[in-house]
Protein chains: 4
Amino acid sequence: MMREGAERPLRADAARNRSSLLAAAAREFAERGPDASVADIARRAGIGKGTVFRHFPTKEDLLAAVVLDRIEDLAALAARLANADDAGAALLEFMDEAAGRQQQLDLSFLRESGEVNERLAGARERLFAAIIALVERAQAAGAVRGDISGMDVILLMCAPNHVVSFVPDAPPDLWRRYLGIIFDGLRPEGARPLPHPAP
Amino acid sequence: MMREGAERPLRADAARNRSSLLAAAAREFAERGPDASVADIARRAGIGKGTVFRHFPTKEDLLAAVVLDRIEDLAALAARLANADDAGAALLEFMDEAAGRQQQLDLSFLRESGEVNERLAGARERLFAAIIALVERAQAAGAVRGDISGMDVILLMCAPNHVVSFVPDAPPDLWRRYLGIIFDGLRPEGARPLPHPAP
Amino acid sequence: MMREGAERPLRADAARNRSSLLAAAAREFAERGPDASVADIARRAGIGKGTVFRHFPTKEDLLAAVVLDRIEDLAALAARLANADDAGAALLEFMDEAAGRQQQLDLSFLRESGEVNERLAGARERLFAAIIALVERAQAAGAVRGDISGMDVILLMCAPNHVVSFVPDAPPDLWRRYLGIIFDGLRPEGARPLPHPAP
Amino acid sequence: MMREGAERPLRADAARNRSSLLAAAAREFAERGPDASVADIARRAGIGKGTVFRHFPTKEDLLAAVVLDRIEDLAALAARLANADDAGAALLEFMDEAAGRQQQLDLSFLRESGEVNERLAGARERLFAAIIALVERAQAAGAVRGDISGMDVILLMCAPNHVVSFVPDAPPDLWRRYLGIIFDGLRPEGARPLPHPAP
DNA sequence: GATGAATGAGTATTCATTCAT
DNA sequence: GATGAATGAATACTCATTCAT
């Protein structure tokens, strides 16, 4: 009998399957968007379709798990940068890494995650808190304008990838150009009052 | 006898259907993306499924028509702003209107239009030319940094809407906040050299 | 007020439409089989789709009308040959002409006609009677075996076309070869008793 | 580990489904022609529509499989008869069996098979060769006229079924009558020179 | 009467999800 | 636990037939 809520440790093969499944799903979702087919993911992971559903009751849950990975990754990154000497550079580096890793994967999780998955909600909170801290330090250092919030950074973080996705044969780091522009928009120099309060 | 190439005017009912179809398609594509189903669009337009295909032989053609509408709209807008007194304000107004009208509709047409539809390709060229002109005038007026191109503006134009689409119950003009930030990033003040050339 | 059952004479344009419709339908059905589309037939006839349905309430009725034409044609032919000097040659000529005119059009009317259309049923009866007469004269002349019926001839009449329809790029009169073989099967020489009575 | 090219044996349920699917498809195609609907076939087989497509990626592939079955069947039959004592009787028996098994299924495969399916093309070649051999032996034995080819037999083989298909409530072996007539046409007695060379 | 626009039932095919092996 | 077979709802698209102009 299992303790209430305890997660039984996976058998070795199950663990292996789960991680190649997640890796395959991450790649497929990045390449094909959320319409990637479960069959393709399973094939890419080298496992059967049924196994996918043993690990995740729903395709949406699988997507949530991939997203959770990303979020925990980013939260760790933000934590690592929390005490950097140059707070402005730290924020820029965070956004740079975030855009670089996020690749095509969008932010849908910001919308849906809360309902779907408790653990995801927790990770999201940690990430948000860490980003807010980065932003506040950068503001204190005068590197970033005072009227923006952590949420603004979160939202703008993936814009470079999205923007670039419309360029037919975009060079792989074109997104850096748009991150540059957007980050310049976050600087205090030349900042005009914003027409709408932060969400 | 019809003039060469002239399109016979639609019958009254056909014209009504066509326009409610286009309106419904615009809304559905905006809300659901290009995977919106023809059946839903037809239902929303209050017409039969078959009627959709009488007007547009293919779902893709329907999407192209919606996009064509948007593009011609924007091209007209850009043309109207071409000689405004304040070139910087003109560019900002263009992006503001563009974001406001575009709503969720994305830029996929930048990718696919050329192949699908000659008329669309033409409209796109006109729009691009007009935007480039707006940008160059704004640069000449010193309102916009010198290292950005018309293409940058085109790509960034829809970012505010995209960004906002991840906020659950976003107020309807929240996008203005992000347009403000991005436009500040296009100003000369505080501009850092961009890490990648324009596409 | 019209007399009971009288068919009012068609207006000149209606008559013209009707006949080009029948001609177009005959060609389309011959080329594409009974799945030829009403739209194609209308286009080929140079009339509107609606007009097709004004003349024939149903696609099936249109097919029946085409078939009726053929049947009346064949009945006239059979009548013309009824008194030929060489009764055997007359039967062969009938089958030859029948196959030549029938082209791809099959015998479905034998199955369905009765229910659909009274006039067609009448024409069919006349045709059958005439064929039976041809056969009986040929038998009396010793040119055709005694154990076959008019119905046999009717059924076998279109076999050559059908058989040839499976040859990819068949020369246009290849069917004559198979008519030759089948007709030889109808001759008294070498005839073996048939394993099943005529229908 | 599987041998190269070996087809893994189907699971028990899959094999059952596959064979009821093939049986249902054979009947439906025979009754309704190649336009029989996949949904009807599935219903008749007592399986889901999706299962049809798991077994055959395309309706056309399903048809090809049905046809392949028939062809291999016939090829085996022809091979079995290759050394019969009475060569004329052997040919007749072959045509009799062929017509009996073929039921309504037509010869479309003669046209399309080559493109679709390599295995089918091979089976067809074997069948053709075997039939040609039967014909030549029958000719050598003086049972069949000299001016006909194997292709003639192939083409005429299904004519009896086709012919009978126009008789409303035909007794189930009426086709034998027409095979009798046609086969008498293939005999040397009473043979007239044929008006067109064999295809 | 003629036209062609509108309709919706019907078609092949895909795919997330369930379940027997 | 893992597998892949089975399922059926959903999708884009066609076409005979009806109906407003």
Side-chain angles (χ1 to χ4, degrees), chain A residues 10-15 17-18 35-43 46-62, chain B residues 8 10-18 21 35-42 45-62, chain C residues 10-14 17 35-43 46-62, chain D residues 8 10-18 21 35-42 45-62:
Chain A
L10 290 171
R11 251 169 49 179
D13 54 347
N17 278 347
R18 187 176 210 278
D35 292 342
S37 93
V38 173
D40 285 348
I41 292 172
R43 187 162 330 89
I47 66 180
K49 237 184 341 176
T51 310
V52 175
F53 287 94
R54 166 166 294 277
H55 286 282
F56 301 97
T58 272
K59 184 183 165 181
E60 196 173 322
D61 291 317
L62 173 56
Chain B
R8 117 184 45 199
L10 287 173
R11 242 170 56 182
D13 55 348
R16 211 170 336 134
N17 280 343
R18 193 190 149 97
L21 168 54
D35 292 341
S37 96
V38 173
D40 285 347
I41 292 173
I47 66 180
K49 240 181 336 175
T51 308
V52 176
F53 289 98
R54 156 166 283 277
H55 285 279
F56 301 96
T58 276
K59 180 183 162 180
E60 194 173 322
D61 290 318
L62 173 58
Chain C
L10 289 172
R11 250 169 50 179
D13 54 348
N17 279 347
D35 292 342
S37 91
V38 173
D40 284 349
I41 292 172
R43 188 161 25 268
I47 66 179
K49 237 181 344 171
T51 308
V52 176
F53 287 94
R54 166 165 295 275
H55 286 282
F56 301 97
T58 272
K59 182 183 165 179
E60 197 172 320
D61 291 317
L62 172 57
Chain D
R8 115 185 44 197
L10 287 173
R11 242 169 55 179
D13 54 350
R16 211 171 334 127
N17 280 342
R18 191 190 150 97
L21 169 54
D35 292 341
S37 95
V38 173
D40 285 347
I41 293 172
I47 65 180
K49 241 180 335 175
T51 308
V52 176
F53 289 96
R54 157 165 284 276
H55 286 279
F56 301 96
T58 277
K59 181 183 161 180
E60 195 173 322
D61 291 317
L62 172 57

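Computed over heavy atoms, backbone and side chain alike; hydrogens, waters and symmetry mates excluded. We name chains A, B, ... by the order of the sequence lines, and we start the count at 1 in each one.
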Task: Strand DNA chain E in bracket notation, Watson-Crick/G-U under 3.5 Å with | for pairs to another chain - done: .||||||||||||||||||||

Task: Most 5' of C/Ile47 and D/Val38 on DNA chain E, judged by nearest nucleotide - done: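 So the residue in question is C/Ile47.
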
How long is the line joining [atom1] of [X] and [atom2] of [N], in whole Å?
X       : N      : atom1 : atom2 : answer
C/Asp61 : F/dA16 : CG    : P     : 14 Å
D/Leu21 : F/dT7  : CG    : C1'   : 14 Å
B/Arg18 : E/dT7  : CZ    : C1'   : 19 Å
C/Phe56 : F/dA16 : CZ    : P     : 16 Å
D/Asp35 : F/dA16 : CG    : P     : 12 Å
D/Leu62 : E/dA12 : CG    : C1'   : 12 Å
B/Glu60 : F/dT11 : CD    : P     : 18 Å

List in chain and number order the residues that pass side-chain contact (heavy atoms from CB on, under 4.5 Å) with [X], two or more places apart in sequence or in another chain; answer none if no residue qualifies.
X       : answer
B/Ala14 : B/Leu10, B/Arg11, B/His55
A/Phe53 : A/Val38
D/Arg16 : D/Ala12, D/Asp13

If only side-chain N and O atoms of [X] are considered, is one of them under 4.0 Å from the OP1 or OP2 phosphate oxygen of [N]?
X       : N      : result
C/Ser37 : F/dC15 : no
A/Asn17 : F/dG1  : no
D/His55 : F/dA6  : yes

Task: Sidechain-backbone polar pair: D/Lys59 side chain, D/Ser37 backbone, donor-acceptor under 3.5 Å - done: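 The answer is no, because no donor-acceptor pair under 3.5 Å joins these two groups.
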
Open item on the list: Tell me every residue that passes salt bridge (charged side-chain N to carboxylate O under 4.0 Å, His left out) with C/Asp40, counting only those two or more places apart in sequence or in another chain.
Closed with: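 Testing C/Asp40 for salt bridge (charged side-chain N to carboxylate O under 4.0 Å, His left out), a comparison that skips the adjacent residues, returns C/Arg43.
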
Please list each protein N or O that sits under 3.5 Å from an N or O in nucleotides 18-21 of chain F, with the distance.
none

- [ ] Return the 5'-most residue of the pair B/Ala36, A/Arg54 with respect to DNA chain F, ranking by each residue's nearest nucleotide.
- [x]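 It is A/Arg54, whose closest nucleotide lies nearer the 5' terminus.
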
Open item on the list: With nearest nucleotide decided by heavy atoms, which residue, D/Gly48 or B/Lys59, maps closer to the 5′ end of DNA chain F?
Closed with: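 The 5'-side residue here is D/Gly48.
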
- [ ] Kindly give the heavy-atom pair with the smallest separation between C/Ala42 and C/Val52, and that separation in Å.
- [x]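 Minimum heavy-atom contact is CB-CG2, 3.8 Å.
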
Open item on the list: When you compare the side chain of D/Ile41 with that of D/Leu62, does any pair of heavy atoms fall below 4.5 Å?
Closed with: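 Heavy-atom side-chain distance check passes, below 4.5 Å.
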
Open item on the list: Quick check for you: to the nearest 0.5 Å, what is the distance between A/Ile47 atom CD1 and A/Arg18 atom CZ?
Closed with: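 CZ of A/Arg18 is found 11.0 Å from CD1 of A/Ile47.
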
